[in-house]
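In what follows, chains carry the letters A, B, and so on, assigned in the order in which the sequence lines appear, proteins first and then strands, with residues in each chain numbered from 1.
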There are 2 protein chains.
Amino acid sequence: MKSESRKEEIIRAASILFKEKGYSAVTMRDLAKAMGIKAASLYNHIDSKQEILSTIIIELAEEFTTGMNQIVNSKVDAIKKLENIIDLHIDVTLRNSDGLASLNNDWMHLEEKNLQYFEKMRQEYEENFRAIVKNGVDREEIKPFNIEIMVFSTLSTLRTLYLWYPKQKNIDAEILKHDMISVLLKGMV
Amino acid sequence: MKSESRKEEIIRAASILFKEKGYSAVTMRDLAKAMGIKAASLYNHIDSKQEILSTIIIELAEEFTTGMNQIVNSKVDAIKKLENIIDLHIDVTLRNSDGLASLNNDWMHLEEKNLQYFEKMRQEYEENFRAIVKNGVDREEIKPFNIEIMVFSTLSTLRTLYLWYPKQKNIDAEILKHDMISVLLKGMV
DNA sequence: ACACAAAACTAACAATTGTTAGTTTTATAC
DNA sequence: GTATAAAACTAACAATTGTTAGTTTTGTGT
């Protein structure tokens with residue numbers, strides 16, 4: 001039997017190290033040292049290095065999938081949906097900005113099965129996003145700019161939040177949400 | 001004596017592999033196989049794996065630094081400067097999208113000296129960017145949104161271009177520049 | 001005090017890593 | 001066609017990798 005709480009500590013420590021150097025550059029001995037134990041002791045709590053990575057990434061990906069599905073099925077206009085997506089990203093970033101580094105940069109090191117699962121979720125997420133923007137353009141709620149560029153531009157900013165937000169000292173989450181909506185949706189000129 | 005052209009071939013091949021799996025996950029044997037030779041043969045052309053990484057990253061960073069300095073010193077308004085920065089990113093991305101993956105994700109694996117040099121260039125780049133936006137807000141050319149958010153949002157999109165643009169088949173560079181300026185500067189609502 | 005599980009340890013493994021040394025092949029110049 | 005340089009090769013190294021086996025220590029409930 002594995003102690004869930006100790007396992008979670010390991011995964012949290014791993015998230016930080018993976019964020020700093022990437023999955024491949026972090027050794028089990030690095031992780032053990034961060035935990036104050038020997039490498040072999042990690043295996044009392046986890047099955048493999050790969051399990052740590054997949055736990056971090058898949059949990060987060062499922063959070064995004066769940067959140068996006070709720071938004072897609074809600075009966076609000078396209079702008080409001082985009083606002084809710086921005087909220088979703090900010091919420092997840094606040095809760096686990098370290099893990100998001102792995103999701104963004106180390107997903108390709110997932111093994112076969114989880115890699116496919118992840119890529120499917122990511123693709124569906126992007127398609128949902130694109131559909132919302134497209135719908136907004138069709139209903140003339142959103143300006144008729146190039147849809148792919150609007151999707152890419154917004155999503156790349158939201159995906160990179162994990163790098164930027166932890167460094168900001170004096171920005172409250174609610175203010176961030178408000179300002180991010182302004183910048184991303186209203187533009188700056 | 002080292003053949004420059006063969007060396008460049010190796011660096012180009014390495015850029016592609018680094019983009020796919022990251023610097024740490026690519027072995028010299030992987031790189032050799034991609035070149036159709038044995039790992040030891042690579043060392044007739046390059047000094048170390050580290051040299052490959054630093055060549056890729058430092059060259060690109062210097063391109064950005066040079067480009068930004070020209071823009072900063074030009075006598076145009078803030079909006080035009082931002083447009084020129086967008087152009088700069090698109091030009092560099094078109095020329096070397098593979099290398100940009102290393103610059104974005106593997107800079108932390110640079111050794112001491114080059115790491116410091118890179119971090120200095122990156123910091124100055126961001127400060128120049130921020131100063132341009134701030135100046136634009138002061139002159140009322142740019143809306144008075146949160147400056148940090150505007151800088152982060154724009155820069156994160158431009159930095160992620162390398163992931164997105166190669167997948168777009170039917171977007172001409174000039175059209176991309178135009179549309180990107182619209183989306184980033186004029187907003188979509 | 002005793003039993004039992006949780007969590008640490010030591011020691012070691014087979015494979016893989018970047019790199020070097022020394023040698024042979026291939027191409028170029030005269 | 002011989003000399004020279006460029007570019008490949010084979011073989012090996014010392015270090016590091018993820019992981020396993022087996023053992024000891026620590027903590028908890030009765």
Side-chain angles (χ1 to χ4, degrees), chain A residues 1-58 102 105-115, chain B residues 1-58 102 105-115:
Chain A
M1 270 306 156
K2 301 216 172 110
S3 156
E4 271 306 287
S5 112
R6 197 73 175 126
K7 182 172 181 172
E8 281 164 10
E9 280 184 63
I10 291 172
I11 288 172
R12 191 150 35 82
S15 299
I16 294 171
L17 294 180
F18 291 169
K19 175 174 184 170
E20 287 168 357
K21 310 179 12 176
Y23 174 74
S24 302
V26 175
T27 72
M28 295 303 275
R29 285 163 182 85
D30 290 337
L31 178 54
K33 184 168 275 181
M35 293 289 297
I37 60 177
K38 298 289 175 179
S41 304
L42 294 168
Y43 289 85
N44 286 319
H45 309 283
I46 52 112
D47 290 335
S48 63
K49 189 186 180 189
Q50 171 67 213
E51 187 204 4
I52 299 176
L53 182 69
S54 57
T55 302
I56 293 171
I57 294 180
I58 299 297
S102 297
N105 300 318
D106 283 321
W107 57 266
M108 73 286 284
H109 299 116
L110 289 172
E111 65 188 354
E112 185 79 356
K113 224 172 121 73
N114 276 323
L115 178 59
Chain B
M1 272 306 154
K2 303 226 171 96
S3 154
E4 271 307 286
S5 113
R6 197 74 175 126
K7 182 172 183 173
E8 280 164 10
E9 280 184 63
I10 291 173
I11 288 172
R12 192 149 35 83
S15 298
I16 294 171
L17 295 179
F18 291 170
K19 175 174 184 172
E20 287 168 358
K21 312 183 3 178
Y23 174 73
S24 301
V26 175
T27 71
M28 295 303 275
R29 285 163 182 85
D30 290 337
L31 178 54
K33 183 168 276 181
M35 294 289 297
I37 59 177
K38 298 288 176 181
S41 305
L42 294 168
Y43 289 85
N44 285 320
H45 309 283
I46 51 112
D47 290 336
S48 64
K49 190 186 180 190
Q50 172 67 214
E51 186 205 3
I52 299 176
L53 182 69
S54 57
T55 301
I56 293 171
I57 294 180
I58 299 297
S102 298
N105 300 318
D106 283 321
W107 57 266
M108 73 286 282
H109 299 117
L110 289 171
E111 65 189 353
E112 185 78 356
K113 222 172 122 70
N114 277 323
L115 179 59

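Partners of B:Asn114 by side-chain contact (heavy atoms from CB on, under 4.5 Å), not counting sequence neighbours, listed by chain and number: B:Ser54, B:Ile58, B:Leu110, B:Glu111, B:Tyr117. Not counting sequence neighbours, B:Ala40 has no partner by the side-chain contact (heavy atoms from CB on, under 4.5 Å) test. Scanning for ring pair (Phe, Tyr, Trp, His ring centres under 6.0 Å) contacts around A:Tyr23 gives A:Phe18, A:His109, with sequence neighbours left out.
Salt bridge A:Arg12/A:Glu9: absent, no basic N to carboxylate O contact under 4.0 Å.
Per the geometry, NZ belonging to B:Lys33 stands 11 Å off P belonging to C:dT17, to the nearest Å. For B:Asp30 and C:dT16, the CG to P distance is 11 Å, given to the nearest whole Å. Regarding B:Asp47, its CG atom lies at a distance of 10 Å from the P atom of C:dT19, rounded to whole Å. Between the CD atom of B:Gln50 and the P atom of C:dT19 there is a distance of 9 Å, rounded to whole Å. Following rounding to the nearest Å, A:Met35 (CE) and C:dA6 (C1') show an atom-to-atom distance of 14 Å. Atom CZ of B:Arg6 is separated from atom P of D:dA5 by 20 Å (rounded to the nearest Å). In this entry the distance linking CG of B:Leu53 with P of C:dT19 reads 12 Å, nearest Å. To the nearest angstrom, C1' of C:dT20 lies 13 Å from CD1 of B:Ile46.
Closest contact between the side chain of B:Tyr43 and the listed nucleotides D:dT19, C:dT20, D:dA8 involves C:dT20. If you check D:dG18, C:dT19, C:dT17 against the side chain of B:Thr27, the one that comes closest is C:dT17. Nearest nucleotide to the A:Met28 side chain, out of C:dT19, D:dA8, D:dT19: D:dT19.
Between the OG atom of A:Ser24 and the CG atom of A:Leu53 there is a distance of 9.0 Å, given to the nearest 0.5 Å. In this structure, CG on A:Asn44 lies 12.5 Å from NZ on A:Lys7, to the nearest 0.5 angstrom. Rounding to the nearest 0.5 Å gives a distance of 4.5 Å between OG1 of B:Thr55 and CD1 of B:Ile11. A distance of 4.5 Å separates CD1 of A:Ile37 from CG of A:Leu42, quoted to the nearest 0.5 Å.
For B:Asn44 against D:dA6, a side-chain-to-base donor-acceptor contact under 3.5 Å is absent.
In this model, the phosphate group of C:dA8 is approached by a side-chain N or O of A:His45 to a distance below 4.0 Å at OP1 or OP2.
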Residues 26-33 of chain A side chain polar contacts: donor-acceptor under 3.5 Å, at least two apart:
from, atom 1, to, atom 2, distance (Å)
A:Thr27, OG1, A:Arg29, N, 3.3
A:Thr27, OG1, A:Asp30, N, 2.9
A:Thr27, OG1, A:Asp30, OD1, 3.4
A:Thr27, OG1, A:Asp30, OD2, 3.3
A:Asp30, OD2, A:Thr27, N, 3.0

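Non-hydrogen atoms lying under 4.0 Å from DNA chain D are contributed by nothing in residues 15-23 of chain B.
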Counting primed atoms plus P, OP1 and OP2 as sugar-phosphate and everything else as base, spell out the protein contacts along nucleotides 10-15 of chain D at 4.0 Å heavy-atom distance: B, S or - for each nucleotide, 5' to 3'. BBB---
